[in-house]
Engineer: 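Quick one: structure below, then a few questions.
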Amino acid sequence: MLTTFYILSAITLATAFLTILSKNPIHSAIYLVLCFFSIAGHYLMFNAQFLAIVHIIVYSGAIMILMLFTIMLMNLNKEDEKNKSMLTRVAAAVSFCLVAFVLLATFIKAQPAFLEYKNSGQDYQSIKVLGQVLLNEYMVPFEFASVLLLVSMIGAVLLSKKEHINN
């Protein structure tokens, strides 16, 4: 069991790094799919079969297909890519460092909430209980996620739209 965890962790980390370091966006998307599958393997180790299947269907299926369509619609070619100025590169590096610093400070300052554990006797692995929790207690974040996906899809379509030049 422990060796399975180590193997899945090594696959997850390796494919995550390959996703970031790959020059080809299609290869990067394929590495990300492999990373999602290995994370689903971690869910299976936690005996959360429903989450593993939903993870595979939603992330490896739907989200990755949307990302691949976006990559193909944007038609990323090095010939069309304009060279970024040094000011743009420095601004990107500074903004990345600031975001990383804020995240690191947040994780350092975050204290775990020690709440009293109450055993309700309900099986939270069941789909019925999970649906009730999602659509009652977490309705607003669930709707925010759907709006975020809609806005990102509209953004991908607008980015891929070509301008017509009248001659």
Side-chain angles (χ1 to χ4, degrees), residues 1-71 74 76 78 81-118 124-125 130 133-134 136-156 158-159:
M1 188 76 155
L2 194 58
T3 58
T4 308
F5 174 76
Y6 286 135
I7 291 170
L8 282 174
S9 297
I11 292 171
T12 302
L13 289 175
T15 54
F17 281 122
L18 286 172
T19 299
I20 295 170
L21 298 176
S22 178
K23 301 268 186 201
N24 188 343
I26 303 295
H27 291 164
S28 181
I30 291 171
Y31 290 135
L32 191 59
V33 168
L34 292 174
C35 184
F36 286 156
F37 272 105
S38 62
I39 291 172
H42 281 90
Y43 284 137
L44 287 175
M45 287 184 60
F46 286 131
N47 200 21
Q49 293 86 7
F50 176 73
L51 285 178
I53 296 301
V54 167
H55 187 81
I56 288 173
I57 291 170
V58 171
Y59 286 107
S60 299
I63 300 298
M64 284 312 301
I65 294 299
L66 283 174
M67 285 181 67
L68 283 174
F69 280 148
T70 304
I71 290 169
M74 289 177 64
L76 300 174
K78 286 189 177 181
E81 182 72 24
K82 296 178 179 146
N83 290 332
K84 305 289 186 225
S85 67
M86 189 58 137
L87 180 64
T88 306
R89 291 180 185 180
V90 169
V94 167
S95 62
F96 171 76
C97 290
L98 286 175
V99 169
F101 176 73
V102 168
L103 284 175
L104 185 64
T106 303
F107 287 139
I108 290 173
K109 292 284 184 183
Q111 296 294 324
F114 295 109
L115 301 174
E116 190 174 319
Y117 177 73
K118 296 178 184 176
Y124 285 102
Q125 291 282 334
L130 185 64
V133 168
L134 264 180
N136 288 334
E137 295 175 30
Y138 297 105
M139 181 68 166
V140 174
F142 192 72
E143 290 299 322
F144 280 152
S146 64
V147 169
L148 177 69
L149 286 173
L150 178 67
V151 168
S152 64
M153 184 177 65
I154 292 170
L158 289 177
L159 281 175

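Below, all heavy atoms of this structure are taken into account, side chains as well, without hydrogens, waters or symmetry copies.
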Engineer: Could you pull out all residues at least two apart from Phe37 that satisfy ring pair (Phe, Tyr, Trp, His ring centres under 6.0 Å)?
Structural biologist: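 Phe37 satisfies ring pair (Phe, Tyr, Trp, His ring centres under 6.0 Å) with no residue once adjacent residues are dropped.
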
Engineer: What residues, two or more places apart in sequence or in another chain, satisfy side-chain hydrogen bond (donor to acceptor under 3.5 Å, both in side chains) together with Ser85?
Structural biologist: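 Testing Ser85 for side-chain hydrogen bond (donor to acceptor under 3.5 Å, both in side chains), a comparison that skips the adjacent residues, returns Thr88.
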
Engineer: Between CZ of Phe46 and CG of Leu51, what distance do you get to the nearest 0.5 Å?
Structural biologist: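 It is 11.0 Å, given to the nearest 0.5 Å.
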
Engineer: Would you check if the side chain of Ser28 reaches a backbone N or O of Asn24 as a donor-acceptor pair within less than 3.5 Å?
Structural biologist: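 Checked: no pair found.
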
Engineer: Applying ring pair (Phe, Tyr, Trp, His ring centres under 6.0 Å), name anything that partners Tyr59, two or more places apart in sequence or on another chain.
Structural biologist: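 Tyr59: ring pair (Phe, Tyr, Trp, His ring centres under 6.0 Å) contacts with Phe36, His55.
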
Engineer: Please tabulate, for side-chain N and O atoms in residues 89-109, each donor-acceptor pair with protein atoms closer than 3.5 Å (sequence neighbours left out).
Structural biologist:
residue, atom, partner, partner atom, Å
Ser95, OG, Ala91, O, 3.1
Ser95, OG, Ala92, O, 2.9
Thr106, OG1, Val102, O, 2.7

Engineer: Taking it one step at a time, do Gln49 and Asn47 satisfy side-chain contact (heavy atoms from CB on, under 4.5 Å)?
Structural biologist: CA-CA 6 Å; Gln49 293 86 7; Asn47 200 21; 2.5 Å; yes

Engineer: Under the ring-ring contact (aromatic ring centres under 6.0 Å, His included) rule, what pairs show up with a residue in residues 5-27, not counting sequence neighbours?
Structural biologist: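 Qualifying pairs, neighbours excluded: Phe5-His42.
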
Engineer: In this structure, which one of Ile57, Ile56, Val58 forms a side chain to side chain contact (heavy atoms under 4.5 Å, CB included) with Val54?
Structural biologist: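 Between Val54 and the candidates, side chain to side chain contact (heavy atoms under 4.5 Å, CB included) is satisfied uniquely by Val58.
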
Engineer: To the closest 0.5 Å, what do you measure between CD1 (Ile7) and CG (Leu2)?
Structural biologist: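 Answer rounded to 0.5 Å: 10.0 Å.
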
Engineer: Provide the full list of side chain to side chain donor-acceptor pair (under 3.5 Å) pairs with a residue in residues 10-20, sequence neighbours left out, each pair given once.
Structural biologist: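 Pairs touching residues 10-20 that pass the test: Thr12-Ser38.
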
Engineer: As an exercise, state the distance from CG of Leu18 to CD1 of Ile30, rounded to the nearest 0.5 Å.
Structural biologist: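 Reported value, rounded in 0.5 Å steps: 12.0 Å.
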
